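Got a structure here, written out as structure tokens. Questions coming.
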Amino acid sequence: MNEQHYDAIIIGSGAGGSGCAYNLVQAGKRVLLLEKGDHLPRDGSTLDVKLVFGEERFKNRQPWTDNRNRKLTPGEYYNVGGKTKWYGAALLRFSPHEFNTDPDFQCLGWPISYADLEPFYSQAEQLLQINHFDNEPQLSRLINRITQADKSWRVESLPLGLKKEILDQPVEAKHFDGFASPGSYKADAEQNLLSHLLDNPLFQLLPYKEVTALLSDENNPAGITGVCSADGMCYYADTVILAAGAMSSPRILQKYLQQSGLDKTLPSAPLVGAHFKLHINSALLGFSLFPQRDVLRKTAIFFNEAFPHSSVQCLGWMDGEILSTQLPFWLPTFVTNALGARAYGFFVTTEDGSSPDNRILADREPGDRPMLDYDLKRIPASVAEHHAIIREFKTRLLQAGFFSVAQQMGLAATAHALGSMVTGNDPALSVVDVNGKVHGFDNLYVADGSVLPRSSRVNPGLTIYAWGLRLGRYLAAL
């Protein structure tokens with residue numbers, strides 16, 4: 001392989017970047033994939049509750065500020081495979097109607113339809129080897145109590161990127177939701193896509209390569225020729241693809257637009273970083289008088305059309321050790337163990353409307369912190385529905401014998417960060433076009449979740465994979 005020049009350089013190895021790389025390499029293109037972090041260890045430490053949740057050893061440490069200049073540290077992950085190593089393996093498609101605009105809920109529309117993405121949903125599901133698992137006994141009884149008491153609640157089996165063999169590995173089965181699997185029982189971008197490329201001479205993966213700048217021809221700032229990394233190395237390609245995630249990709253582009261002066265001439269420049277979304281998410285814990293013995297647990301998702309932008313998803317294993325990382329440190333161990341043994345977890349997700357004022361802002365000067373300017377007051381319809389579905393589901397849990405409490409996730413919970421460089425047909429209203437090319441550029445594309453104009457009411461992982469695979473197929477045909 002020519003180490004100096006590539007057909008494509010991809011910045012970031014998460015769902016979108018890995019999907020794009022996979023289809024490019026399969027089509028015979030020379031691809032360099034640059035990842036800010038390293039491979040995760042396989043020594044079992046990524047299953048250690050204290051290290052993962054207590055110390056947050058594997059999370060981002062870079063401080064940001066919010067719009068009130070308060071410090072926060074977003075829950076990002078910089079490692080090969082990105083957040084897909086840590087997600088909960090729930091891999092759902094968006095519904096066809098969720099590609100349309102919804103003005104009442106401040107939802108932008110896609111420039112493509114569900115049918116355009118469907119072949120790549122199918123490819124992603126095949127690559128990720130999605131499975132469905134039977135609901136365990138206690139969850140089955142709880143579902144029956146809820147759905148029989150109120151027919152408006154509908155339950156579907158949750159498609160999971162998990163190997164069936166995980167049921168024979170209790171430690172892994174209890175630590176897949178929010179943990180990285182050292183035994184490769186969970187589907188992720190590294191295991192299911194990149195590992196199939198490593199022996200291909202057309203593909204090169206370089207970890208510890210934080211991209212700090214885009215390069216261009218002096219006479220054509222819209223023609224990107226390569227990238228430079230923090231260690232001073234520069235790499236060159238015909239096409240450059242941003243896939244560092246909705247928190248990082250817009251900042252890379254914002255800095256380049258400022259340095260090149262394109263921020264003053266491109267119609268889409270003011271929208272880079274805008275329309276940021278991260279779902280409104282709340283953790284809801286139901287406590288029973290009786291011990292809960294189900295192990296996998298995360299096998300079902302609840303819908304209610306009275307709350308059309310929301311869902312309630314079962315969470316994975318809960319015990320006193322996991323619960324203690326979220327409770328005051330002074331609570332005695334016997335208390336947290338007793339509570340954890342009787343707890344069942346749920347994740348309440350509501351699509352947040354797209355406000356242009358909710359945005360990512362890059363650090364402009366050395367020593368500055370990047371800013372996450374996001375305010376729930378800008379999306380009142382989303383907030384109202386989120387509170388309403390929590391009240392309703394807590395009522396159903398109480399009738400089923402569970403007392404429950406809910407805690408909304410703060411700004412640092414950026415697992416579902418999306419929408420900071422939305423796709424659309426109009427350069428004055430969007431950042432990238434229908435094929436992922438940045439408006440006004442010759443050869444700069446975006447493969448990650450920042451292009452998503454809507455976030456649906458479910459986890460966005462599968463849709464990001466599908467977008468990346470679609471982009472890879474498109475670029476391979478050019």
Side-chain angles (χ1 to χ4, degrees), residues 64-70 72 74-75 94-95 97-110 152-153 246-247 250 270-284 301-313 346-361 371-396 404-424 426 428-431 449-460 463:
W64 288 49
T65 59
D66 65 9
N67 58 5
R68 298 182 182 178
N69 206 35
R70 296 174 298 192
L72 74 143
F94 289 5
S95 297
H97 74 273
E98 291 172 324
F99 285 73
N100 302 326
T101 58
D102 185 348
D104 293 339
F105 215 76
Q106 296 176 255
C107 290
L108 303 175
W110 290 68
S152 66
W153 286 98
M247 304 284 289
L271 293 178
V272 176
H275 296 112
F276 179 74
K277 300 160 72 72
L278 72 169
H279 277 145
I280 305 178
N281 289 315
S282 289
L284 193 158
I301 183 168
F302 294 80
F303 298 102
N304 189 322
E305 292 311 311
F307 313 103
H309 302 87
S310 302
S311 65
V312 180
Q313 187 178 128
F346 302 90
F347 202 54
V348 184
T349 294
T350 300
E351 177 171 14
D352 42 347
S354 293
S355 168
D357 296 324
N358 285 338
R359 61 189 306 131
I360 301 293
L361 295 169
M371 178 183 289
L372 173 50
D373 184 354
Y374 184 95
D375 196 329
L376 290 172
K377 293 179 181 178
R378 298 166 182 159
I379 47 172
S382 307
V383 173
E385 181 171 313
H386 189 71
H387 291 163
I389 192 172
I390 288 175
R391 288 194 299 270
E392 174 63 21
F393 198 73
K394 288 177 72 174
T395 298
R396 294 301 159 208
S404 59
V405 295
Q407 176 63 52
Q408 187 170 315
M409 314 300 285
L411 274 185
T414 57
H416 296 180
L418 303 167
S420 50
M421 294 195 289
V422 297
T423 178
D426 188 343
L429 300 175
S430 59
V431 176
S450 59
V451 306
L452 271 62
R454 293 195 61 172
S455 57
S456 175
R457 52 181 172 177
V458 299
N459 311 50
T463 301

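Positions are given from 1 along the sequence. All heavy atoms count here, side chains included; hydrogens, waters and symmetry mates do not. Every value quoted in this text rests on a predicted model; they were computed, and no experiment measured them.
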When you measure from the side chain of S420 to the backbone of A246, do you find a donor-acceptor pair of N or O atoms at a distance under 3.5 Å?
yes
Please list, chain by chain and in numerical order, all residues satisfying salt bridge (Lys or Arg N to Asp or Glu O under 4.0 Å) with R68, sequence neighbours excluded.
none
Flag the pair S430 / V422 as yes when at least one side-chain heavy-atom distance between them is below 4.5 Å, and no otherwise.
yes
Hey, could you give me the CZ/CZ distance between F94 and R454, rounded to the nearest 0.5 Å?
9.0 Å
If we ignore hydrogens and angles and just use 3.5 Å, is the side chain of E385 paired with the main-chain N or O of S310 as donor and acceptor?
yes
If the condition is side chain to side chain donor-acceptor pair (under 3.5 Å), which residues does R359 pass it with, not counting sequence neighbours?
none
Is a donor on one side and an acceptor on the other found under 3.5 Å between the side chain of D375 and the backbone of N358?
no
Is there side-chain contact between I360 and L372, with at least one heavy-atom pair below 4.5 Å?
yes
For the student: nearest non-hydrogen atoms of A283 and M409, plus distance:
N-SD, 4.1 Å
With the side chain counted from C-beta on, respond yes when S456 and T463 share a heavy-atom pair under 4.5 Å apart, and no when they do not.
no
Counting distance only, does the side-chain N/O of H279 pair as donor-acceptor with the main-chain N or O of S455 below 3.5 Å?
yes
How long is the span from the CZ atom in R70 to the CH2 atom in W64, to the nearest 0.5 Å?
16.0 Å
Backbone N/O of R378 and side chain of Q106: donor-acceptor pair under 3.5 Å
yes
May I ask you to test the E98-W110 pair for a side-chain heavy-atom distance under 4.5 Å?
no
Minimum-distance pair of heavy atoms, taken over all atoms of Q408 and L376
NE2-CD1, 3.1 Å
Without hydrogens or angle criteria, can the side chains of D352 and S382 be said to hold a donor-acceptor pair below 3.5 Å?
no
Side-chain touch H309/H386, heavy atoms, less than 4.5 angstrom:
no
Distance (rounded to the nearest 0.5 Å) between E351 CD and T349 OG1:
11.0 Å
Looking at side-chain heavy atoms only, is the closest gap between T395 and R391 below 4.5 Å?
no
Exam field: side chain S311 to backbone R457, donor-acceptor pair closer than 3.5 Å:
yes
So, applying ring pair (Phe, Tyr, Trp, His ring centres under 6.0 Å) with F393, which one of F346, F347, F307 is it?
F346
salt_bridge(D357, K377) N-O dist < 4.0 Å
no
Could you pull out the closest heavy-atom pair between N459 and Q313, with the gap in Å?
OD1-NE2, 2.8 Å
